[in-house]
Every structure is written in C-alpha cells, then in structure tokens.
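Beneath this line is the structure, given in structure tokens, with notes to follow.
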Number of protein chains: 2
Amino acid sequence: MNKKKQQTEQTKKKIADAARTLFAQKGYKATSIEDIVNAAGCSAGNIYYHFKNKEGLFLYLLEDWNREWDQTWLAKEKLYPTTVDKLFGMAEYLALDQLSHPLTKASDEFFNNSEKAPDVEERINNMVKGYIDFNQQLLQKGIDNQEFEIADVSSLAIILDSLLFGLNLHTRRMEREETLAAYRLAMRVFLHGIAKPAR
Amino acid sequence: MNKKKQQTEQTKKKIADAARTLFAQKGYKATSIEDIVNAAGCSAGNIYYHFKNKEGLFLYLLEDWNREWDQTWLAKEKLYPTTVDKLFGMAEYLALDQLSHPLTKASDEFFNNSEKAPDVEERINNMVKGYIDFNQQLLQKGIDNQEFEIADVSSLAIILDSLLFGLNLHTRRMEREETLAAYRLAMRVFLHGIAKPAR
DNA sequence: TAAGATACTGAACGTTTATTCAGTATTATA
DNA sequence: TATAATACTGAATAAACGTTCAGTATCTTA
C-alpha cells in the first residue's frame with residue numbers, strides 16, 4: 001500500500017469527520033474553516049489541498065452520507081422480514097447514527113442560501129427527492145404486502161421524513177437510550193397512525 | 001397620538017417584518033444586517049437605534065412570535081370543543097402562518113452556535129420548554145377527556161413538536177393548499193397513531 | 001541517491017460582516 | 001419660535017472570514 005495514498009485517505013477522513021460534526025452542530029455558515037482547522041488539527045491550506053473549497057467539502061459530506069447509507073441499508077434490509085420491521089430498523093439506525101438525518105439543518109440552510117451553481121442545485125434537489133422516494137418505496141412495499149392501507153403514499157413519505165427530521169433536533173439533547181426510545185415511539189405512533197383499522 | 005412614537009412603532013415593525021422573513025428563509029448567521037437594510041429600506045444605524053444588536057433583534061422576534069401565539073390561541077381555543085379539534089386548529093394555524101413554527105431552523109441554529117450570555121441561554125431554554133409544555137398540556141387534556149389513551153405524554157409532546165417542525169421545512173416549498181393538506185394529514189396520522197383502540 | 005511528485009504549512013489578501021458615531025432632519029415642548 | 005428630544009443617515013472601523021500561494025517536508029520512483 002502506497003504510504004502517500006494512505007496518508008491522504010487518513011487526513012481526508014480526519015477533516016471530513018471534524019467538519020461533519022461541526023456542520024451538524026453549528027450549521028453550514030456558522031462553521032468556519034478555522035473551526036475545522038482546530039478540530040481536525042491541520043492547516044487551512046491542507047483543507048484546500050484535499051477539497052476544492054468549503055462548499056465542495058460540504059457536498060462531499062452529503063454524498064458520503066448517501067454512500068454509507070446505501071451500503072448499510074442494503075446489508076440490513078434483508079434482516080428485516082416485514083416493512084414494519086424495516087421501518088423500526090431504520091428508526092433505530094437514525095437514532096444511533098447521531099449525525100443521522102441526511103437533510104440536517106445544515107443541508108437545509110446550505111440549500112436555501114444564495115444561488116448555487118445550477119449543477120450543485122440539481123445535485124441537492126436530487127438528494128432531497130431521493131430521501132422522500134426512499135420512504136415512499138418503503139411505504140409502498142408495506143401496502144403491497146397489505147401491512148397497512150394508505151391512500152396518499154407520497155404525502156405520507158413526506159410526513160415520515162418530517163417526523164424523523166424534527167426528532168433529530170430534539171434528540172440531540174438526549175442521551176442514547178432516551179434517543180432510541182423516542183425514535184421507537186415515533187415510529188410506533190406513525191405506524192399505528194397508518195395502520196389498517198383493527199378488525 | 002404622539003407622531004414620534006407612531007413613527008418608531010412603524011419602522012420597528014418594518015424592520016422586524018423584513019428580518020423575520022429573512023431569518024426564516026436564510027437562517028440567522030446567513031442573514032446580514034445589510035440584507036435587512038435592503039429589505040426594510042432603512043439605514044444600518046437605524047436598526048441599531050431600535051434594537052440593541054443582531055442578537056437582540058432576533059430575540060425580539062422570538063418573543064414577539066410568542067406574544068402573538070398566546071393571543072391568537074387564547075381567542076381561538078374556545079372555538080374548538082374537543083382536544084382533537086384543537087389540534088387540527090393548531091395544525092391549520094401553523095400551516096397558514098408560513099413563518100410558522102417558533103423553533104424554526106433559525107432559532108435552532110441561533111441556539112446551538114457559540115456561547116450566549118447565560119440569561120440569553122435561559123430565555124431560549126424556557127421558550128423551547130414552553131412549546132413542549134404547550135403540546136403536553138393539550139395532550140393531557142385530551143387524555144382527561146378520554147379522547148385518547150396514551151402512556152408517555154411528555155415523549156408524545158416532543159414527537160408532535162418534531163412532526164410539526166419537520167413539516168415546516170417541507171411545506172416551505174409547497175403551495176398554500178398543498179401545505180394545508182399536508183398539515184391536516186400529519187395531524188390525522190398523529191391522532192390516529194395515539195387513538196384509543198377501536199371497539 | 002537524485003529528481004520529481006505528493007502532502008502540508010501558515011502568513012497574507014481581499015471581502016464581508018456587525019457595530020459605532022458624528023452629524024442631520026424631524027418632531028415635541030416650553 | 002427657540003431649544004431639547006427623538007428619529008435617522010451612511011461612511012468609518014475593526015474583526016472574522018474564505019481562499020491563495022510561496023515555500024517546506026515527506027515520500028516515490030528511476
């Protein structure tokens with residue numbers, strides 16, 4: 001293994017980790033390069049050696065999250081027999097991931113501020129759409145399996161996303177167990193809310 | 001009526017309105033004084049004549065929202081006979097208010113960034129607690145009236161808040177009718193989710 | 001081991017930002 | 001109407017910020 005490549009990989013990860021935490025905590029604009037420099041323990045120039053600029057670093061983090069999610073989910077999904085199980089599994093993962101929801105407040109802030117280059121804007125739009133589609137497909141599968149009966153799948157996909165997104169804010173001030181419980185309860189309320197009428 | 005007082009009131013409102021819209025759109029940090037100056041059509045100095053500083057302006061907006069909410073709610077609450085009706089009424093109000101949720105992403109960003117003076121921190125903490133308490137009391141009333149049966153009221157108060165908060169983000173890109181429908185559906189899912197088992 | 005490539009430093013630069021303040025216009029007061 | 005109080009202006013200031021770059025250290029390659 002090339003020692004330089006290894007070094008690059010390592011520091012790139014160190015920067016990414018520091019940046020992710022800070023962005024999630026403080027938001028995009030409020031996180032300065034100097035903040036990241038201090039947290040990562042490297043120079044400002046080094047950040048610009050590994051990433052095009054602050055925007056590029058942020059986009060990298062978003063896409064990195066996506067990659068990891070796809071990978072993790074692909075492996076985990078099979079373990080859950082029903083859609084209901086899958087939804088609980090998803091809730092658990094999001095609860096434990098901490099920096100969980102992809103559309104964090106930072107992304108939202110990032111997205112809504114000042115004009116981005118059209119290609120950047122499109123990439124973000126696609127991501128947001130992707131999250132909703134993900135929910136929608138999951139819910140649709142539950143309908144197909146007759147686990148629940150709902151009319152407006154796309155609206156419910158948004159509602160599910162809203163619930164998880166909002167929960168992410170509150171649970172940031174909670175302990176691990178409390179967080180897990182909150183996510184589980186949220187999913188239970190949601191599922192009960194869309195359940196087939198008992199018979 | 002004093003003409004000076006009138007003038008002060010008017011421009012203070014003009015600044016507050018402009019700032020509120022911008023903060024809600026772009027977030028706290030990303031909204032510059034110059035942005036507000038342009039939107040309000042006054043000088044930078046004038047803002048500092050009416051408000052202590054940017055932080056003071058923001059806190060004023062938060063507390064202003066609270067005042068208005070208390071007032072509106074006090075008047076509206078009586079019109080709704082059951083707790084379920086009240087919750088739907090609340091959803092409708094939040095949907096139509098646009099800059100609706102008090103704990104917008106701007107507040108969240110504001111709150112999480114850098115140390116605030118202890119008194120400021122406490123004021124914000126009290127506000128957040130207030131929103132949750134509001135939900136909790138409403139839900140408790142529903143339980144007392146035997147409209148629904150739930151065990152963990154305080155957790156559900158947070159879940160309700162999460163749902164409404166998250167929805168606020170998504171509906172910002174929706175039209176009026178779509179927004180209303182989304183809030184109504186969200187509340188229906190929530191209520192169905194905590195409903196007494198049908199018998 | 002010499003030469004080139006790669007990884008990194010940190011001071012410097014130009015912008016943007018919140019905030020101030022000396023000065024001006026408008027209104028209230030006596 | 002003269003004087004004081006209030007409302008406001010906008011250029012100046014200093015701090016913070018993202019970004020660059022000449023230079024240095026480390027590693028790869030031939």
Side-chain angles (χ1 to χ4, degrees), chain A residues 1-20 22-23 25-61 106 109-110 112-117 120, chain B residues 1-20 22-23 25-62 106 109-117 120:
Chain A
M1 163 71 78
N2 196 323
K3 202 166 180 180
K4 285 262 159 169
K5 296 253 170 191
Q6 203 176 325
Q7 186 63 253
T8 281
E9 224 170 278
Q10 192 183 320
T11 60
K12 203 169 174 184
K13 184 174 178 345
K14 212 167 59 179
I15 294 169
D17 287 344
R20 182 169 28 242
L22 286 165
F23 282 138
Q25 268 172 13
K26 321 204 333 167
Y28 178 73
K29 191 96 187 221
T31 299
S32 67
I33 298 293
E34 208 196 337
D35 288 339
I36 302 173
V37 160
N38 290 335
C42 71
S43 69
N46 203 6
I47 293 180
Y48 284 84
Y49 180 76
H50 290 287
F51 300 94
K52 195 189 164 208
N53 50 24
K54 194 182 174 186
E55 183 176 293
L57 169 55
F58 190 77
L59 286 171
Y60 171 86
L61 292 176
E109 177 204 345
F110 181 77
N112 283 311
N113 279 352
S114 67
E115 299 76 32
K116 309 260 170 284
V120 172
Chain B
M1 161 75 76
N2 195 324
K3 202 168 180 179
K4 285 264 161 171
K5 296 252 170 195
Q6 202 175 325
Q7 186 63 257
T8 280
E9 224 170 278
Q10 192 182 319
T11 60
K12 202 168 174 185
K13 184 175 179 338
K14 213 169 55 179
I15 293 169
D17 287 344
R20 180 167 31 239
L22 286 166
F23 282 137
Q25 269 171 12
K26 320 202 338 167
Y28 177 74
K29 192 95 187 224
T31 299
S32 67
I33 299 293
E34 208 198 338
D35 287 339
I36 302 173
V37 160
N38 290 335
C42 72
S43 69
N46 203 7
I47 293 179
Y48 284 84
Y49 179 76
H50 289 287
F51 300 93
K52 193 188 164 210
N53 51 23
K54 195 182 171 185
E55 182 174 291
L57 169 54
F58 190 78
L59 287 170
Y60 171 85
L61 291 176
L62 280 191
E109 177 205 343
F110 180 77
F111 180 79
N112 282 310
N113 280 352
S114 66
E115 300 75 33
K116 310 259 168 283
V120 172

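- Two residues, A:Lys29 and A:Tyr49, neighbour DNA chain C, and the one matched to the more 5' nucleotide by heavy-atom proximity is A:Tyr49.
- The side chain of A:Ala44 approaches D:dT19 more closely than any other nucleotide in the set D:dT19, C:dT27, D:dT9.
- Distance CG (A:Leu22) to P (D:dC17): 12 Å, rounded to an integer number of Å.
- Each of A:Asn46 and A:Ile33 has a nearest nucleotide on DNA chain D; the 5'-most of these lies closest to A:Ile33.
- Proximity of a side-chain donor or acceptor of B:Ser32 to a complementary backbone N or O of B:Asp35 within less than 3.5 Å is detected.
- Side-chain to base pairing of B:Lys4 with C:dT26: one donor and one acceptor N or O lie within less than 3.5 Å of each other.
- Between B:Gln6 atom CD and D:dC8 atom C1' the separation is 17 Å, expressed in whole Å.
- Residues B:Phe23 and B:Lys54 are in side-chain contact: their nearest non-hydrogen atoms beyond the backbone lie under 4.5 Å apart.
- Applying the 4.0 Å criterion to OP1 and OP2 of C:dT27, one finds that B:Asn2 has every side-chain N and O outside that range.
- Taking every side-chain heavy atom of B:Glu34 into account, C:dT17 is the closest of D:dA5, C:dT17, D:dT19.
- The CZ atom of B:Phe58 sits 14 Å away from the P atom of C:dA18 (whole-angstrom rounding).
- For the pair A:Leu57 CG and D:dC17 C1', the computed distance is 15 Å after rounding to whole Å.
- The B:Lys3 side chain lies nearest to C:dA28 when the options are C:dT9, C:dT20, C:dA28.
- For the pair B:Lys29 and A:Tyr28, the cation-pi criterion (under 6.0 Å, within 45° of the ring axis) is not fulfilled.
- Between A:Tyr48 and B:Cys42, it is B:Cys42 whose nearest contact on DNA chain D lies nearer the 5' terminus.
- Between B:Phe58 and B:Phe110, the angle of the ring planes lies from 30° to 60°, which puts this pair in the tilted group.
- Atoms CG (A:Asp35) and C1' (D:dC17) sit 11 Å apart, rounded to a whole Å.
- When rounded to the nearest whole Å, the span between CG of A:Asn38 and P of C:dT9 equals 13 Å.
- Of the candidate nucleotides D:dC17, D:dC8, C:dA7, C:dA7 has the atom nearest to the side chain of A:Gln7.
- What separates NE2 of A:His50 from C1' of D:dT19 is a distance of 16 Å, to the nearest Å.
- Taking 4.0 Å as the cut-off between side-chain N and carboxylate O, A:Asp17 and A:Arg20 count as a salt-bridged pair.
- Rounded to a whole Å, the CD atom of A:Glu55 is 14 Å from the C1' atom of D:dT19.
- Listed nucleotides C:dG10, D:dC8, C:dA18 differ in distance to B:Lys54; the shortest reach to its side chain belongs to C:dA18.
- For C:dA7, the OP1/OP2 oxygens have a side-chain nitrogen or oxygen of A:Thr8 closer than 4.0 Å.
- Dashed line: the shortest gap from a side-chain N or O of B:Thr11 to OP1 or OP2 of D:dC8 is under 4.0 Å.
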